[in-house]
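The structure appears below as structure tokens.
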Amino acid sequence: MKLASFLCCQNIATNPENGEILIFQPLQNIALVSVPSTYSFSISMGLVEMDKGGKDWFGLSIIDPEGETVQNIENIKIPSAPENISDDDSLYSALMNLDLRNMVFKKTGLYRVVFSGSLDCEYPLWVTKNEH
């Protein structure tokens, strides 16, 4: 399994009329009003080359600039493919959205979003203090 896309945003919703996924306010960084503070945001990610048999799983940790884990989500299992999916595993893909609510940020700086399990990669997450 591979991560094809990764986007932090303010919120993600599904349009009830047509099922389209709506991504609100993509975030280049998380700008806090004060530090320490809590903040809620969403992550949208595209997964490709998933195992059709449901063997893929991953974990996600958010690590602060000092190396401390501030959020840890373990053992997110990817379900088996529906029967109508091609035998080619590279065609089995999905869009997954995660909501992180009231996450505590004790400091500003470069955080890391670290994936484990069937995903082995990381993304930067800048946390700043909004001076306005």
Side-chain angles (χ1 to χ4, degrees):
M1 178 170 67
K2 294 180 182 173
L3 194 60
S5 62
F6 178 90
L7 176 70
C8 289
C9 58
Q10 194 64 48
N11 194 19
I12 301 170
T14 302
N15 184 331
E17 293 180 12
N18 58 20
E20 288 181 342
I21 294 175
L22 307 171
I23 294 177
F24 297 95
Q25 192 177 347
L27 300 171
Q28 295 297 319
N29 64 300
I30 292 177
L32 303 173
V33 174
S34 63
V35 179
S37 185
T38 61
Y39 192 82
S40 297
F41 64 101
S42 299
I43 296 174
S44 180
M45 52 192 185
L47 303 173
V48 296
E49 297 182 17
M50 299 173 358
D51 178 73
K52 285 180 54 178
K55 296 176 187 167
D56 284 327
W57 67 275
F58 70 93
L60 178 145
S61 297
I62 298 180
I63 314 294
D64 76 9
E66 304 298 321
E68 180 182 332
T69 300
V70 295
Q71 179 75 322
N72 191 38
I73 303 169
E74 296 180 358
N75 207 19
I76 300 171
K77 294 181 181 179
I78 306 299
S80 298
E83 294 294 323
N84 62 346
I85 296 292
S86 165
D87 286 337
D88 182 356
D89 281 347
S90 67
L91 298 178
Y92 185 36
S93 62
L95 180 67
M96 179 176 277
N97 301 314
L98 301 173
D99 279 326
L100 300 168
R101 298 286 148 220
N102 298 314
M103 200 173 125
V104 176
F105 289 97
K106 295 180 181 176
K107 57 190 74 146
T108 60
L110 179 60
Y111 285 66
R112 296 179 300 130
V113 180
V114 179
F115 292 92
S116 60
S118 301
L119 288 174
D120 184 20
C121 58
E122 68 178 64
Y123 279 82
L125 177 64
W126 283 100
V127 177
T128 62
K129 184 172 183 279
N130 190 349
E131 300 297 331
H132 300 290

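Values in this document were obtained by computation on a predicted structure and should not be read as measured data. These numbers come from the heavy atoms of this one structure, side chains and all, not from hydrogens, waters or symmetry mates.
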Point to revise | Heavy-atom side-chain proximity of C8 to I30 below 4.5 angstrom | key: no
**Study point:** Closest non-hydrogen atom pair between M45 and L3, with its separation
**Key:** CB-CD1, 3.6 Å
Check your understanding: Atom CD1 in I12, atom CD in Q25: separation rounded to 0.5 Å?
Key -> 12.5 Å
Review point. Is there a side-chain contact between V104 and V70, using heavy atoms and a 4.5 Å cut-off?
Key: no
Check your understanding: Can you tell if the side chain of I78 reaches within under 4.5 Å of the side chain of F58, non-hydrogen atoms only?
Key -> yes
Exercise for review: Evaluate the side-chain proximity of Y111 to P65: yes if any heavy-atom separation is below 4.5 Å, no if none is.
Suggested key: yes
Practice item. Using modelled atom types only, decide if a donor and an acceptor are shared between the side chain of S5 and the backbone of G46 within a distance under 3.5 Å. Key: yes
Check your understanding: Rounded to the nearest 0.5 Å, how far does NZ of K2 lie from SG of C121?
Key -> 11.5 Å
Exercise for review: Measure the CD-CZ distance between Q10 and F41 for me, rounded to the nearest 0.5 Å.
Suggested key: 10.0 Å
Point to revise | Separation between CG of L7 and CD1 of I43, rounded to the nearest 0.5 Å | key: 9.5 Å
Review point. With side chains defined as the heavy atoms from C-beta onward, is the minimum distance between F6 and V113 less than 4.5 Å?
Key: yes
Check your understanding: Are any of the side-chain heavy atoms of S37 and F105 separated by less than 4.5 Å?
Key -> no
Exercise for review: State the OG1-CG distance between T108 and N130, to the nearest 0.5 angstrom.
Suggested key: 12.5 Å
Review point. How about K106 and D64: do any of their side-chain heavy atoms sit closer than 4.5 Å?
Key: no
**Study point:** N/O donor-acceptor pair under 3.5 Å between T38 side chain and M103 backbone
**Key:** no
Point to revise | Under the salt bridge (Lys or Arg N to Asp or Glu O under 4.0 Å) test, residues paired with D56 that sit two or more places apart | key: none
Check your understanding: Any idea which heavy atoms bring Y39 and A31 closest together, and the distance?
Key -> CE1-O, 4.3 Å
Point to revise | Any L47 side-chain heavy atom under 4.5 Å of L119 side chain | key: yes
Exercise for review: Please answer whether the main-chain N or O of N97 pairs with a side-chain N or O of S44 as donor and acceptor at a distance below 3.5 Å.
Suggested key: no
Point to revise | Exceeds 12 heavy-atom contacts within 6.0 angstrom, atom CG of D120 | key: no
Exercise for review: Working to the nearest 0.5 Å, report the span between CD1 of I76 and OG of S118.
Suggested key: 11.5 Å
